[in-house]
2 protein chains.
Amino acid sequence: MADPPEHTAPDPNEEIMRATYRALRKHGYADLTIKRIAEEYGKSTAAIHYHYETKDDLLAAYLDYLLDQFVDTVRDIKTTDPEERMELLLDKLLVDPVDHQDMLIAMLEMRSQAPYKEAFCERFQQNDEYTRYMLKAVINHGIDEGIFENVDAEHAARALMIIVDGARTRTVVLDEEDALATARRTADEYVTAILSTEEAADGIE
Amino acid sequence: MADPPEHTAPDPNEEIMRATYRALRKHGYADLTIKRIAEEYGKSTAAIHYHYETKDDLLAAYLDYLLDQFVDTVRDIKTTDPEERMELLLDKLLVDPVDHQDMLIAMLEMRSQAPYKEAFCERFQQNDEYTRYMLKAVINHGIDEGIFENVDAEHAARALMIIVDGARTRTVVLDEEDALATARRTADEYVTAILSTEEAADGIE
DNA sequence: CGCTATTTACTAACTGATTAGTCAAACGAC
DNA sequence: GTCGTTTGACTAATCAGTTAGTAAATAGCG
């Protein structure tokens, strides 16, 4: 964004975020320690503590890092056509993660800590609200243009979010490889059957 | 099973399972220690180790205990009428958990450990297969009776499972109180729009 | 019945490893 | 030389798990 790093950008914060990711992937949240992050970082544990006062600070920063990455991928959808935009959004939410499965695992682990760490919960809520708003906006835009049925946009957006979160959870927990694909199909069925107006329908099943 | 306990059954295993539940609820999986379980149990840590060799053994036993409880609630649905049975199943999966939210939290926490503990993953897969089979059977039964459209029952069952898991995840992670209610409504929309035949349709929205 | 023998269920005290976090000293770059 | 960064050695707390010993219930047996 600022300037392309020549070879390797020795930005300590970025490096520590990457190291945290690798450590989280390798050992899981429950066994995520400063020592293990330091090992991935290639420096001592004190070096980590120089950049982040406490473990909680580091984890909060890491969560921001993770969620920002996600927001970035959604933000670069430029299309304004409701139908196409909906397709692309659903792809970003349900198809792209296939290639970033360990990020999905990391995310779920952080998520399961939300009930115990208010900082986590707030960040997830904020991120969710952003995505949900994007969906709701597309639906409302579609309704205005007569492409979508005049449904409760808020409910429809929440329904799609449930499908997204369900697929992600199942991919991780049950190692169900096609959970995302099934969800993509289900989301399409939902859009076609509940949202799309008759004239736009091109036959389900 | 053997004989009804007079006042309180001092079955140590059952007591330890309850203690584990309370400790998990209070501290979360990442901070779940033998000591904390022992505190809930009201005995020493060695007492826990007397009944369960390792922490992993205890947690595996606890997961069995949790999942058995869940299976029991689904098993006592007696209705054979496909439409009614589907409604009751969805209620069990999406309405009942409202009153057992901390069990939902405990479950999600255990779930997020699945990628790192094969024993956990297998148990969740088994439990999921059971529930999914129940749904698939109802759908197939409905298709046979002409109440449901001749759809891909396997896919429809998976779609409903995604909705269930999504709602549960969101309830826990985002503290979204009406996620389960939204999912219940979405599941009904799905059943009505995708499954139910024209004659059975009583109008959505 | 009555007297051991064993089993069940525990406790207090411990071990060695690991945890997050601290700090004085030192390194390397400008 | 000094500022930003890092290290090694440290602390106090906590971790899972072990040990020896004990009190009470249960079983075997005459």
Side-chain angles (χ1 to χ4, degrees), chain A residues 2-3 5-24 26-63 109-110 113 116-120, chain B residues 1-63 65 109-110 113 116-120:
Chain A
D3 53 324
E6 295 294 302
H7 238 213
T8 44
D11 174 15
N13 286 331
E14 174 70 22
E15 290 296 310
I16 291 174
M17 291 295 100
R18 284 192 214 278
T20 305
Y21 171 64
R22 288 195 298 274
L24 185 54
K26 272 191 194 172
H27 309 287
Y29 184 90
D31 294 319
L32 182 67
T33 65
I34 300 278
K35 192 189 168 196
R36 287 200 235 263
I37 296 170
E39 272 164 19
E40 293 295 330
Y41 185 34
K43 309 271 170 76
S44 68
T45 62
I48 304 284
H49 278 293
Y50 173 76
H51 293 281
Y52 298 92
E53 268 204 357
T54 66
K55 192 187 177 187
D56 275 7
D57 287 347
L58 193 160
L59 292 178
Y62 176 68
L63 186 53
E109 295 219 76
M110 307 281 287
Q113 294 305 311
Y116 305 97
K117 304 223 171 186
E118 217 194 327
F120 282 20
Chain B
M1 208 52 90
D3 53 324
E6 294 293 301
H7 240 212
T8 43
D11 175 14
N13 286 330
E14 174 69 20
E15 290 295 310
I16 291 174
M17 291 296 101
R18 284 192 214 277
T20 304
Y21 171 64
R22 288 194 298 274
L24 185 55
R25 208 177 52 182
K26 272 191 194 172
H27 309 288
Y29 184 90
D31 294 319
L32 183 67
T33 65
I34 300 279
K35 192 189 167 198
R36 287 200 236 261
I37 296 170
E39 272 164 18
E40 293 295 329
Y41 185 35
K43 307 273 168 76
S44 69
T45 62
I48 304 285
H49 278 293
Y50 171 77
H51 292 282
Y52 299 91
E53 267 204 357
T54 65
K55 193 186 174 185
D56 275 7
D57 286 347
L58 193 161
L59 293 178
Y62 176 69
L63 185 53
Y65 170 83
E109 294 219 76
M110 306 282 286
Q113 294 304 311
Y116 307 95
K117 305 226 170 183
E118 218 193 327
F120 282 19

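Order of the sequence lines fixes the chain letters, A, B, ..., with proteins taken first and strands second; residue numbering starts at 1 for each chain.
- No side-chain N or O of B:Y65 forms a donor-acceptor pair with one of B:N13 less than 3.5 Å apart.
- Taking each heavy atom of B:A47 and B:Y41 in turn, the nearest pair found is CB-CE2, 4.3 Å.
- DNA chain C lies under 4.0 Å from no heavy atom of any residue of residues 16-23 of chain A.
- For residues 24-39 of chain B, the pairs satisfying side chain to side chain donor-acceptor pair (under 3.5 Å) are B:K26-B:E40, with sequence neighbours left out.
- Here salt bridge (Lys or Arg N to Asp or Glu O under 4.0 Å) pairs that include residues 41-63 of chain B, with residues two or more places apart or in two chains, are B:D56-B:K117.
- Counting heavy atoms from C-beta on, the side chains of A:Q113 and A:E109 never come closer than 4.5 Å.
- Here the closest heavy-atom approach between residue A:M110 and residue A:L24 is recorded as SD-CD2, 4.1 Å.
- In terms of heavy-atom proximity, B:H51 sits nearest to B:I16 at CD2-CD1, 3.6 Å.
- In this structure, the helix from C:dC1-D:dG30 to C:dC30-D:dG1 shows an angle of 30° between the axis at its start and the axis at its end, each fitted on 5 base pairs and rounded to 10°.
- In this structure, A:L58 CG and A:L32 CG are separated by 8.0 Å, a value rounded to the nearest 0.5 Å.
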*How does protein contact run along nucleotides 7-20 of chain D, one letter per nucleotide 5' to 3', with B for base contact, S for sugar-phosphate only, - for none, heavy atoms under 4.0 Å?*
BB------SSBBB-
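- Contact detail for B:L59 and B:F120: the closest heavy-atom pair is CB-CZ, 3.8 Å.
- As judged by a 4.0 angstrom heavy-atom cut-off over every strand, B:Y41 is placed among residues touching the sugar-phosphate backbone only.
- Shown here for B:I37 and B:A19, the closest heavy-atom pair between the two residues is O-CB, 3.7 Å.
- From the 5' end on, the contacts that DNA chain C makes with chain B at under 4.0 Å to a non-hydrogen atom open and close at C:dT8 to C:dA12.
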